[in-house]
Amino acid sequence: AKLEGRGTVRFFQQKLHDELVRQHYLSSRLEEALDNGELSLHFQPQVSAVSGGIENLEALLRWEPPEGPTISPAEFIPLAERSGLIHRLGDWVIEEACHQQVAWRAKGFHRHRIDINISGRQLTRPGALKRFEDTLQRHGLAPQDIGIELTENILIEADETVLEDLWRLYHRGIRIAIDDFGIGYSSLSYLKHFPATALKIDRSFIQDAPTQPKDRAILEGAILIGHRLGLEVVAEGVENAEQLSLLRDLHCDLIQGFFFFRPMPAQEIERLLSGFVGG
Ligand code: C2E
Ligand code: CA
Ligand code: CA
Ligand code: CA
């Protein structure tokens, strides 16, 4: 038994070692990846729960290294945050989203907005939101063309000036969604002080809501709070018809998830917007 125990320890040490080596490798490769054009934005549609029409597109980062399989942002964003590369990466995402939106508007696709993800860490750089606004303006875009998604943790990481900047954006008409609603560390009272236009309910509350009464109760409560505060409510991670039907019954506004669309490259989005859904 003793020997077995030591073997187990060695096994976990090896795994930890491998993990650290991988992290180090990815972290050092990421900047090069950004320079070499290995990063791209994919877009996942959000559809109206009522009409099924595409209202918004969430921009999601993808890293496709020539030497191996696609790496998830869930893995490389935290690394970029630790190394500080997140600031350059964030600038690139804003630039790329604006560029894409300008191209789509020029092709006559006027309805949809693009929402980008901004992490708390990105907002610790002074003037981050000012740069966002400047980039929008430089591209000749209107405030309603590009929105942002923020998680509750920005309230832990960011300071007073960030909140002031967010209120300015809000008053200019830029849409601000609270992402992953319900799984953060903050209390509900932040909803009073936070300039949001939408709530995105985390997938974990959607998943089992059709069968689990407690999940359903939380989901129902979250939608109600959102609506009572005058916010648009978005459900993320919707994967099946039962979830969709429940969300419709609960008057959720927008639906995002694999049941309708996966995140896709710009060309596929374009085909979709043109009405050539194919298949
Ligand atoms: P998120 O903002 O919560 O994005 C939603 C994630 O759920 C995406 O994962 C999306 O592909 C996935 N998803 C969408 N529908 C479904 C579904 O029906 N089922 C399941 N199982 N998953 C679904 P992804 O693209 O891997 O992104 C992971 C996270 O990485 C994002 O979570 C976001 O926090 C972060 N991220 C992605 N792009 C950016 C970016 O440009 N900037 C920053 N700061 N973070 C980003
Ligand atoms: Ca998001
Ligand atoms: Ca989310
Ligand atoms: Ca999430």
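Numbering of ligands and ligand atoms starts at 1, following listing order. Residue numbers run from 1 in the order of the sequence given.
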Review point. Taking N240 for the side chain and Q243 for the main chain, is one N or O donor matched with an acceptor at less than 3.5 Å?
Key: yes

Practice item. Report the angle formed at the Ca ion (ligand 2) by atom OE1 of E149 and atom OD1 of N117, rounding to the nearest 10°. Key: 90°

Practice item. Among the N/O/S atoms of D180, select the one at the shortest distance from the Ca ion (ligand 3) and name it. Key: OD1

Point to revise | Stepwise ring pair (Phe, Tyr, Trp, His ring centres under 6.0 Å) test for W104 and F43 | key: CA-CA 13 Å; W104 277 333; F43 300 90; 5.1 Å; yes

Exercise for review: Just jot down the ligand 1 atoms closer than 4.0 angstrom to any heavy atom of V93, in number order.
Suggested key: 41 (O)

Exercise for review: Check each atom of ligand 1 against the heavy atoms of E239 and keep those under 4.0 Å away; list them by number with element.
Suggested key: 17 (C), 18 (O), 19 (N), 20 (C), 21 (N)

Practice item. Give me the ring orientation class for W63 and F76: parallel if the planes are under 30° apart, tilted from 30 to 60°, perpendicular past 60°. Key: perpendicular

Check your understanding: How about Q23 and E19: does a side-chain donor come under 3.5 Å of a side-chain acceptor?
Key -> yes

Review point. What atoms of ligand 1 come closer than 4.0 angstrom to any heavy atom of G257?
Key: 15 (N), 18 (O)

Check your understanding: Are any of the N or O atoms of L61 closer than 3.5 Å to those of ligand 1?
Key -> yes

**Study point:** Where ligand 1 meets S72 - atom numbers and elements under 4.0 angstrom, heavy-atom basis
**Key:** 26 (O)

Check your understanding: With distance as the sole test, does W92 use its side chain to make a donor-acceptor pair with the main-chain N or O of L39 at under 3.5 Å?
Key -> no

**Study point:** Donor-acceptor contact below 3.5 Å, side chain E75 vs main chain L26
**Key:** no

Check your understanding: Less than 3.5 Å between some nitrogen or oxygen of I77 and one of ligand 1, yes or no?
Key -> no

Review point. Near Q44, which atoms of ligand 1 are under 4.0 Å from a heavy atom of that residue?
Key: 14 (C), 15 (N)

**Study point:** Proximal atoms of ligand 1 relative to E58 (non-hydrogen, under 4.0 Å)
**Key:** 2 (O), 4 (O)

Review point. Strictly by modelled atom types, are E81 and S119 linked by a side-chain donor-acceptor pair under 3.5 Å?
Key: yes

Check your understanding: Between the side chains of D253 and H227, does any donor sit under 3.5 Å from an acceptor?
Key -> yes

**Study point:** Proximal heteroatom of E58 relative to the Ca ion (ligand 2) (N/O/S)
**Key:** OE2

Check your understanding: Is there a donor in the side chain of Q101 and an acceptor in the side chain of H112, or the other way round, less than 3.5 Å apart?
Key -> yes

Study note, to complete from the structure: Looking at D179, the N/O/S atom that lies nearest to the Ca ion (ligand 3) is called OD1

Practice item. Output yes when a side-chain donor or acceptor of T135 lies under 3.5 Å from a complementary backbone atom of E95, and no otherwise. Key: no

**Study point:** Ligand-side contact atoms (ligand 1) for residue partner S119, heavy atom cut-off under 4.0 Å
**Key:** 44 (N)

Practice item. Among R113, Q46, R111, Q256, find the residue that satisfies the side-chain hydrogen bond (donor to acceptor under 3.5 Å, both in side chains) test when tested with E55. Key: R111

**Study point:** Region of V238 that comes within reach of ligand 1 [heavy atoms, distance under 4.0 Å]
**Key:** backbone

Review point. Between Y25 and R22, is there a cation-pi geometry (under 6.0 Å to ring centre, at most 45° from the normal)?
Key: no

Check your understanding: Which ligand 1 atoms, with their elements, are less than 4.0 angstrom from a heavy-atom of D180?
Key -> 3 (O)

Review point. Any N/O of R203 closer than 3.5 Å to an N/O of ligand 1?
Key: yes

Review point. Can an N, O or S atom be found in E236 less than 3.0 Å away from the Ca ion (ligand 3)?
Key: yes

Point to revise | Residue-ligand contact R62/ligand 1, heavy atom below 4.0 Å | key: yes

Review point. Of the backbone atoms (N, CA, C, O) and the side-chain heavy atoms from C-beta on, which set of Q122 has a member under 4.0 Å from an atom of ligand 1: side chain, backbone, both, or neither?
Key: side chain

